[in-house]
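What follows is a set of notes on a single structure, which appears directly below.
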Protein chains: 2
Amino acid sequence: MKDKRKIPKPVIKRMGLYYRCLNKLYEEGIEYVASKDIAARLGIKSSQVRKDLSYFGEFGKRGVGYNVDQLMKKLEDIIGVNKIWNVIVIGAGNIGTAIVNYPGLKKEKFNIIGVFDADRSKVGKKLGKLSVTHFSELEKFFNKNIVDLVVLAVPENAAQMVVEELEKYNIKGIINFAPIKLRTKIPVEDVDITLSFKSLVFRIEREIK
Amino acid sequence: MKDKRKIPKPVIKRMGLYYRCLNKLYEEGIEYVASKDIAARLGIKSSQVRKDLSYFGEFGKRGVGYNVDQLMKKLEDIIGVNKIWNVIVIGAGNIGTAIVNYPGLKKEKFNIIGVFDADRSKVGKKLGKLSVTHFSELEKFFNKNIVDLVVLAVPENAAQMVVEELEKYNIKGIINFAPIKLRTKIPVEDVDITLSFKSLVFRIEREIK
DNA sequence: TAGATTGTTAATCGATTAACAATC
DNA sequence: TAGATTGTTAATCGATTAACAATC
């Protein structure tokens, strides 16, 4: 490991990929793996795998490769999979519902503890084990629960308002599905589904790359 | 415009943002806008706005800015919003259902014409105007319909198999929600929701940027 | 005209990749 | 040892940004 320099964003994204890959290797009963093999499975270059890992330490053995079990555990520490994150979902529309029901999140230790909506007709609706609470109850909820992350799945025109409300509380981050740039100091991760469609279509039309 | 060089991927992603921004400006009744203002709304640099647009042409007037109406129409041509894309969704689980019901897509001319699932208990289930068809009917469907894009919303372990099936047909692209790297020559756009959660959490923990 | 803002160049910044000494 | 593969450096590639001449 060099020194404590800032880790590039793309590296961060890839750490999750490495972790999943190592899990598979582990399940396949593979004990040692070379950066070349990891790279091949992910469709990237082996030097990138090694460089990415080197931001966090020296995990391999020259001439041998990486011990799958060990590296997997190191990655667990690095990406913090073992910490449980409490999540609430704001907006019980299509996307909000999908998030609440999505099994992949629970598996990764994202624990959804509340769903809110401003639409009274949705209040009380059951989503899995949770039922939809009215948005006006948010403050009460924050007083009684620790919330780490908020999933913002409200219509575009409501998103900024909700964020301003959220700034009153002590949340750690927002996953934003609304197609706008939120103005806030809270860390935000944007997920823009329509933009993915558009980007694909654009590539198809222009035949780029 | 310089020449017909390859357009960087990030630029492509931003074209959709510009289009949405221009739409808002138009609705606000604004006639002319400077790159500085667009940039401020999106939280980027004005030189980036100008450079991005310059890949496609010269749309502004020096000393004045961009005519909102005109630029909006240019962007429509560039990103091809007016073309209608026929889409099928494979996988009628949480994500598939959300996609089918998501109003944003229809608005953007992505027309969902079919939903498929391998689970017979889901077949016949109504999702909006569509009802779920069994996966085995796929070939029949392709013989009778033009399908441009496929949304892949199946479990991870089924994804690669489905892709191999899809290669028999003449689709233009895949939006992949399964958390794996698909091996295929069809253009793929990955949407990885869990990875977004992980990336946010990672940033929070490391306080990067 | 004077002021404003574009389009574009050149400088900077950041990320990927090739190459290789170190070493298992 | 000989072969393999790491960790890291340096070169390359690509994207962002500052700066400014052109010009409305």
Side-chain angles (χ1 to χ4, degrees), chain A residues 1-15 17-18 22 25 30-68 70-71 74-75 78 181 199 202-203 206 208-209, chain B residues 1-15 17-18 22 25 30-68 70-71 74-75 78 181 199 202-203 206 208-209:
Chain A
M1 178 167 39
K2 303 282 300 323
D3 55 321
K4 289 292 177 200
R5 275 203 311 335
K6 171 159 122 25
I7 290 140
K9 264 197 176 187
V11 174
I12 296 169
K13 284 243 164 190
R14 283 193 297 268
M15 295 315 282
L17 295 174
Y18 296 147
L22 266 286
L25 289 162
I30 292 164
E31 256 186 275
Y32 279 89
V33 66
S35 57
K36 197 156 54 103
D37 302 322
I38 298 175
R41 284 175 181 241
L42 299 173
I44 60 179
K45 291 279 183 333
S46 70
S47 52
Q48 182 159 69
V49 174
R50 294 196 302 278
K51 181 136 231 299
D52 286 354
L53 293 174
S54 78
Y55 282 102
F56 303 95
E58 303 189 6
F59 307 124
K61 248 212 270 300
R62 287 160 202 244
V64 180
Y66 301 86
N67 177 298
V68 170
Q70 267 171 35
L71 182 54
K74 288 286 181 190
L75 287 173
I78 291 166
K181 174 86 194 164
S199 175
F202 191 96
R203 264 164 54 208
R206 297 250 160 183
I208 284 156
K209 173 158 279 178
Chain B
M1 180 167 38
K2 305 282 301 322
D3 57 319
K4 290 292 177 199
R5 276 203 311 336
K6 171 159 123 20
I7 290 140
K9 264 196 176 188
V11 174
I12 296 170
K13 285 242 165 193
R14 284 193 297 268
M15 296 315 283
L17 294 174
Y18 296 147
L22 267 285
L25 290 162
I30 292 164
E31 256 187 275
Y32 279 89
V33 66
S35 58
K36 197 155 54 102
D37 303 322
I38 298 174
R41 284 174 181 242
L42 300 173
I44 59 178
K45 291 280 184 331
S46 70
S47 53
Q48 183 160 68
V49 174
R50 294 197 301 278
K51 180 136 232 301
D52 286 354
L53 293 174
S54 79
Y55 282 102
F56 303 95
E58 303 188 6
F59 306 124
K61 248 211 270 299
R62 286 160 202 242
V64 180
Y66 300 87
N67 177 297
V68 171
Q70 267 172 35
L71 181 54
K74 288 286 181 190
L75 287 173
I78 291 166
K181 174 88 194 163
S199 175
F202 191 96
R203 264 164 54 208
R206 297 251 159 185
I208 283 155
K209 175 158 278 180

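Worth saying up front: this structure is predicted, and the values here are computed from it rather than measured. Convention: sequence-line order gives letters A, B, ...; per-chain numbering from 1.
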### Query
Atom NZ of B:Lys45 and atom P of D:dA19: how far apart are they, to the nearest Å?
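For the pair B:Lys45 NZ and D:dA19 P, the rounded distance is 12 Å.
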
### Query
Which part of the nucleic acid, if any, lies within contact of A:Tyr32, taking any heavy atom under 4.0 Å across all strands shown: a base, the sugar-phosphate backbone alone, or nothing?
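Answer is nothing: A:Tyr32 stays at 4.0 Å or more from every strand.
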
Shortest non-hydrogen contact from [X] to [Y]?
X: B:Leu25; Y: B:Val33; answer: CD1-CG2, 3.8 Å
X: A:Val68; Y: A:Leu22; answer: O-CD1, 3.5 Å
X: B:Lys9; Y: A:Arg203; answer: CE-CD, 4.0 Å

### Task
Verify side-chain contact (heavy atoms from CB on, under 4.5 Å) between A:Ile78 and A:Phe59, making sure each step is shown before the conclusion.
CA-CA 12 Å; A:Ile78 291 166; A:Phe59 307 124; 4.0 Å; yes

### Message
Checking B:Ser47 now: which residues fulfil side chain to side chain contact (heavy atoms under 4.5 Å, CB included) with it, not counting sequence neighbours?
### Response
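With neighbours one apart ignored, the set is B:Lys45, B:Arg50.
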
### Query
Considering residues at least two apart in sequence or located in another chain, which fulfil the side chain to side chain contact (heavy atoms under 4.5 Å, CB included) criterion with A:Ser199?
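With neighbours one apart ignored, the set is B:Ile12, B:Lys13, B:Glu189.
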
### Task
Apply salt bridge (charged side-chain N to carboxylate O under 4.0 Å, His left out) to B:Asp52 and list each qualifying residue two or more places apart in sequence or on a separate chain.
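So B:Asp52 forms a salt bridge (charged side-chain N to carboxylate O under 4.0 Å, His left out) with B:Arg14.
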
Heteroatom pairs (N/O) under 3.5 angstrom, protein to nucleotides 20-24 of chain C:
| unit_1 | atom_1 | unit_2 | atom_2 | d |
| --- | --- | --- | --- | --- |
| C:dA22 | N3 | A:Arg62 | NH1 | 2.8 |
| C:dC24 | O4' | A:Arg62 | O | 3.2 |
| C:dC24 | O2 | A:Arg62 | O | 3.3 |

### Query
If you pin B:Val33 and A:Ser47 to their nearest nucleotides in DNA chain C, which one's is more 5'?
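Closest to the 5' end, via its nearest nucleotide, is B:Val33.
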
### Of the listed nucleotides D:dG7, C:dT5, C:dT17, the one nearest the side chain of B:Lys36
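Nearest to the side chain of B:Lys36 among the choices is C:dT5.
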
### Query
So how far off straight is the helix from C:dG3-D:dC24 to C:dC24-D:dG3, going by the axes through five pairs at either end, to 10°?
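So the angle between the two local helix axes works out to 10°.
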
#### Entry: Atom pair CG/CD1 of A:Asn67 and A:Ile30 - distance to nearest 0.5 Å
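Reported to 0.5 Å precision, the distance equals 12.5 Å.
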
### OH-CD distance between B:Tyr32 and B:Gln70, expressed to the nearest 0.5 angstrom
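Taking OH in B:Tyr32 and CD in B:Gln70, the distance rounds to 6.0 Å.
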
### Message
Using side-chain heavy atoms (C-beta onward) and a distance below 4.5 Å, is B:Met15 in contact with B:Leu53?
### Response
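Yes, at least one pair of side-chain atoms sits under 4.5 Å.
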
#### Entry: side-chain contact (heavy atoms from CB on, under 4.5 Å) between A:Leu75 and A:Phe56, intermediate numbers included
CA-CA 9 Å; A:Leu75 287 173; A:Phe56 303 95; over 6 Å; no

### Task
Ignoring backbone atoms, test whether B:Ser35 places a side-chain nitrogen or oxygen under 4.0 Å from the OP1 or OP2 oxygen of C:dT6.
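For B:Ser35, the contact criterion (side-chain N or O under 4.0 Å from OP1 or OP2 of C:dT6) is met.
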
Within the sub-3.5 Å range, which N or O atoms of nucleotides 11-15 of chain C have a protein N or O partner, and how far apart are they?
none

